[in-house]
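Whatever order the structure lists ligands and atoms in, that order sets their numbers, starting from 1.
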Amino acid sequence: MKAIRRFTVRPVLPEPLRPLSDLARNLRWSWHTETQQLFQAADPEGWRPADADPVRLLGAVSAARLAELAGDQHFLRRLTEVSEDLRAYLGGPRWYQDQLSGGAELPAAIAYFSPEFGVTAALPQYSGGLGILAGDHLKAASDLGVPLIGVGLLYRHGYFRQSLSRDGWQQEHYPVLDPNELPLTLLREADGTPSRVVLALPGGRSLYASVWQAQVGRVPLLLLDSDVEENAPGERDVTDRLYGGGSDHRLLQEMLLGIGGVRAVRTYCRLTGHAAPEVFHTNEGHAGFLGLERIRELAEAGVDFDAALEIVRAGAVFTTHTPVPAGIDRFERQLVARHFGDDGELPGVPVDRILRLGMETYPGGEPDLFNMAVMGLRLAQRANGVSTLHGSVSREMFSGLWPGFDPSEVPITSVTNGVHAPTWVAPEVLRLGALTVGSERAEDALAGAGGGRADRTGGGAGATPRRWDAVTGVPDREIWDLRRGLREQLVAEVRKRLYASWRRRGAGTAELGWIDGVLDPDVLTIGFARRVPSYKRLTLMLHDRDRLRDLLLHPTHPIQIVVAGKAHPADDGGKRLVQELVRFSDDPKVRHRIVFLPDYGMGMAQKLYPGCDVWLNNPLRPLEACGTSGMKAALNGCLNLSVRDGWWDEWFEPDFGWAIPTADGSATDEERRDELEAGALYSLIEDRVAPRFYDRNAQDLPERWIEMVRRTLVTLGPKVLAGRMVREYVERLYAPAALARRALEPATARELAAWKARIRAAWPQVAVDHVEASADTVVGGSAELGSTLALRVRIALGGLDPDDVEVQVVAGRVDSGDAIAEAQTFPLKPAGGHDLEDRWLYEGPLALDRTGPYGYTVRVLPSHPLLASGAELGLVAVPNAATVDGGGVLLR
Ligand SMILES: *Cc1c(COP(=O)(O)O)cnc(C)c1O
């Protein structure tokens, strides 16, 4: 029978066990082994490591067991210890509290907005890498003491759960998540009523949302939920699913996330006394409307649009995560216009100004679309990609927004992603470190170079954590036993999951005896798990099936492969790839050596990375912005076998694994490219990877392999930490953003906006009129190394003042087309005023300090102390052909 009402009966914990409830509600348990062990001890049968959830566990423990625990002195002692540890973690100063930036205080708070957060399997609010990264960002911020407030949406169905039909077609399920059964608390007003956030929608409708709070260590995470009684049925469903629905639905979600999110932060700060954020970080374009809400707040306080824009930009950081156009949100202009029109949200903010912020004003841009990434870049003075390579791809991709500048000067930097080690390192690997270091603080060290004060003695906050070096001394045998143990655990986990999957696919238990023989704990194990967009090429390994079969069934050097991944529900192409892979691995000839596991998620991932020997990644370069699964694998001593894309392009070394050669520049035809890259992959496995794995010494140990594992842990490990990433965000983006924001009181912002307007208006008249160089330095097209060119140029400033601009020589090696590579810039100085036509004389030396084809040019840029980059306004004046009389030089 079906219940007509459903509610949650909360357990009443006996007094001595009360602290368990706090431990369950702070998600720090998800990366703190001792807390997990405590819950496991409370109910050994109820604890399911893959989707552990203390809140659910406490709800299910019998009253008798609770009574027993309340009298168990040993348990109570452990409970006191673990509670005390959490209290100390939450209370004391950490890395952040000791930092200053140029003598100034770091931001009092930072709001971090993301459409998804992957904190733990117990709070399934993520689809893949973007969400996991956001979760790791919060955790590392907590470990470092960074005062972050996370902001997202609470999706009633999360993403989706994946299973397979008999013939291998992806099936999607959307189990309902009841927030009362999740590790969340409802944000309430002082009088106990639930707080509400309200947005005005066209046609006089309103969108209400409640705010749930998850506590991620020291960091609060606010999740907006539209499933509240005040809403009409359509509005109730706004937060139904992550990445579901059409563009109207997506727009409402993003309005709620961005605009509602700022309101939720304000409410949270008002109720708790938390400091107001000085910096707003937009993790990918989806949350970009937050900038508009901040403009509205300022408008309400009497600040005009242009000044407000300056203030908002100064305190904003935008991170772009994808070079794949389909990954960027674009809405019909009309749709956006309707929602921000007269009877819509954001009164006081002119809709035409909003529309201009998202306009693709570059060649090839679509005039009828509103681009969230473009708006993100315009609303943030600081922006970044997520690996060095992705930074340069992003500068190229968005260079149309800064016309006249080389892509290398586009103001988008990069901060390479990292992963939160305490979440992703298997307890067994952690013990390897802890044992040798003899320290209880191994987890803190793992959090990223001294998460706690206790570690600072070990070389300061920037030094390599001691734990990593300690692995150097661990004997080969110990490392190998550990690797085998992890592989064995994975084999057991795979069989269990495969069995469950086949039962769902309709197989009877009697048919499934073969599963006991699936995978072998002594065979080289390769993992491949990720979402299934086409650029990640799930099925590249199937390119030559016979060759793959030979590798799997090799008589002396066999491999085995574990594959997992969800295709987006609307992506039939992706589902076909899943099906191809499933069908291949269903074949009785190979099914003991290759498996597809449905429902990839954090719980599975935590077993998969440590259990694999090799982590495979074969995206179409350069479309993988960073990729983080290979980092998590590396932290567990798994070697990477990957195309040099994302982070692997940056940190690949032969000690850490293998680079699959890519045919990106040479093969334009995708089929041909797949063929070349798949061929290279097979050869690498056959000739290099497998032989090294099976090459055993007199002690039956693969010495050289073990050495690679050690190098991966010791040298690569410290780089891939989320702690390193968050420190970079603090030092390079959050701190400068807070300073820029503090410099902009409304009056200053108004001046800055007026200055920009004046510059823009005058710019068409700014010109480099005449360039001349000392005649005797360059003779017959060549000059001597070490000589100096004396430059004199005349600049038309169109009524601007010399203080408004910087005049620069740009010089460097030139290619056959006279393009300057690796340009260096030197300022020229105003000399002797201007002539009757308002042309100003500038002078300066150019030292010729490198041989070969060399060239220079002169340019004028706007200059103001409050600009973060000379390219910020996208304005530059360069000589036109008529004013140049041969600037190129050849140095001999
Ligand atoms: C790390 C992780 C990802 C992201 O992996 P990529 O290598 O960036 O594709 C996706 N899903 C889960 C569950 C993860 O843990």
Side-chain angles (χ1 to χ4, degrees), residues 30-31 50-51 114 116-137 139-140 158-162 242-243 283-284 319 321-324 327 385-387 389-390 416-426 497 526-538 540 562-568 574 597-612 614-636 638 640-651 657 720-722 725:
S30 69
W31 71 93
D51 53 355
S114 174
E116 45 173 315
F117 283 93
V119 179
T120 146
L123 189 59
Q125 297 289 318
Y126 61 92
S127 80
L130 182 73
I132 310 274
L133 177 81
D136 281 6
H137 195 102
K139 293 173 189 171
Y159 193 43
F160 70 92
R161 304 291 301 262
Q162 178 196 48
L242 175 56
Y243 304 144
N283 190 41
E284 193 48 285
T319 302
H321 281 270
T322 178
V324 183
V386 290
S387 68
L389 178 63
H390 178 239
T416 304
N417 286 342
V419 297
H420 185 248
T423 300
W424 295 108
V425 177
R497 287 181 182 264
I526 300 182
F528 183 103
R530 44 189 49 85
R531 291 178 303 110
V532 191
S534 57
Y535 77 87
K536 290 189 186 249
R537 294 194 294 189
L538 173 72
L540 187 73
V562 184
V563 187
K566 293 175 170 181
H568 186 277
L597 299 181
D599 208 30
Y600 182 43
M602 289 184 76
M604 185 198 296
Q606 280 166 325
K607 282 274 176 237
L608 200 49
Y609 307 135
C612 289
V614 169
W615 195 251
L616 174 64
N617 191 20
N618 49 32
L620 275 172
R621 188 179 191 272
L623 298 183
E624 182 86 297
C626 179
T628 50
S629 55
M631 296 178 168
K632 299 177 231 167
L635 280 181
N636 286 284
C638 172
N640 276 271
L641 168 60
S642 170
V643 164
R644 286 189 70 156
D645 200 3
W647 74 279
W648 189 237
D649 185 60
E650 202 164 323
W651 288 328
V720 302
L721 299 180
M725 165 182 77

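Taking a 6.0 Å sphere around CZ of R161, one finds it holds 12 or fewer heavy atoms contributed by other residues, nucleotides or ligands.
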Between T416 and M631, is the side-chain contact (heavy atoms from CB on, under 4.5 Å) condition met? List the steps. CA-CA 11 Å; T416 304; M631 296 178 168; 4.3 Å; yes
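For the atom pair OH of Y535 and CG of D645, the computed distance is 8.5 Å after rounding to the nearest 0.5 Å.
Only the side chain of W424 comes within contact range of ligand 1, with a heavy atom under 4.0 Å; no backbone atom does. In F528, neither the side chain nor the backbone holds a heavy atom less than 4.0 Å from any atom of ligand 1. Of all the heavy atoms of I132, the ones lying under 4.0 Å from any atom of ligand 1 belong exclusively to the side chain. Proximity of K632 to ligand 1, defined as any heavy-atom pair under 4.0 Å, is confined to the side chain (atoms from C-beta onward).
Proximity to K536 (heavy-atom distance under 4.0 Å) selects the following atoms of ligand 1: 6 (P), 9 (O). Heavy-atom proximity to Y609, at under 4.0 Å, picks out these atoms of ligand 1: 1 (C), 2 (C), 14 (C), 15 (O). Close contacts of ligand 1 with S629, meaning ligand atoms under 4.0 Å from a residue heavy atom, involve 5 (O), 6 (P), 7 (O). Ligand 1 places these atoms under 4.0 Å from at least one heavy atom of G128: 10 (C), 11 (N). Of all atoms in ligand 1, listed by their number and element, those nearer than 4.0 Å to a heavy atom of M602 are 13 (C). Atoms of ligand 1 lying under 4.0 Å from any heavy atom of A605, numbered from 1 in the order shown and given with element: 15 (O). Counting atoms of ligand 1 from 1 in the listed order, those under 4.0 Å from a heavy atom of G601 are 13 (C).
Contact record, P598 with M604: O-CE, 3.3 Å, taken as the closest heavy-atom pair.
Of the protein's heavy atoms, T628 N, 3.0 Å lies nearest to atom 8 (O) of ligand 1. Counting only heavy atoms of the protein, atom 10 (C) of ligand 1 lies nearest to G129 N, 3.6 Å. The nearest heavy-atom contact from the protein to atom 11 (N) of ligand 1 is Y600 CE2, 3.3 Å.
For the pair N636 (side chain) and A426 (backbone), a donor-acceptor distance under 3.5 Å is present. Without hydrogens or angle criteria, W648 side chain to S642 main chain gives a donor-acceptor distance under 3.5 Å. In this structure a side-chain-to-backbone donor-acceptor pair under 3.5 Å is missing from R531 to H568.
Counting only heavy atoms from C-beta outward, the side chains of T423 and T120 never approach each other to under 4.5 Å. Contact annotation: the side chain of K139 never approaches that of P422 to less than 4.5 Å [non-hydrogen atoms, C-beta and beyond].
For ligand 1, the polar-atom distance check finds no N/O of S127 at less than 3.5 Å from any of the ligand's N/O atoms. The shortest N or O to N or O distance between Y126 and ligand 1 is not below 3.5 Å.
H321 and N283 are linked by a side-chain donor-acceptor pair at a separation below 3.5 angstrom, with hydrogens and angles left out of the test.
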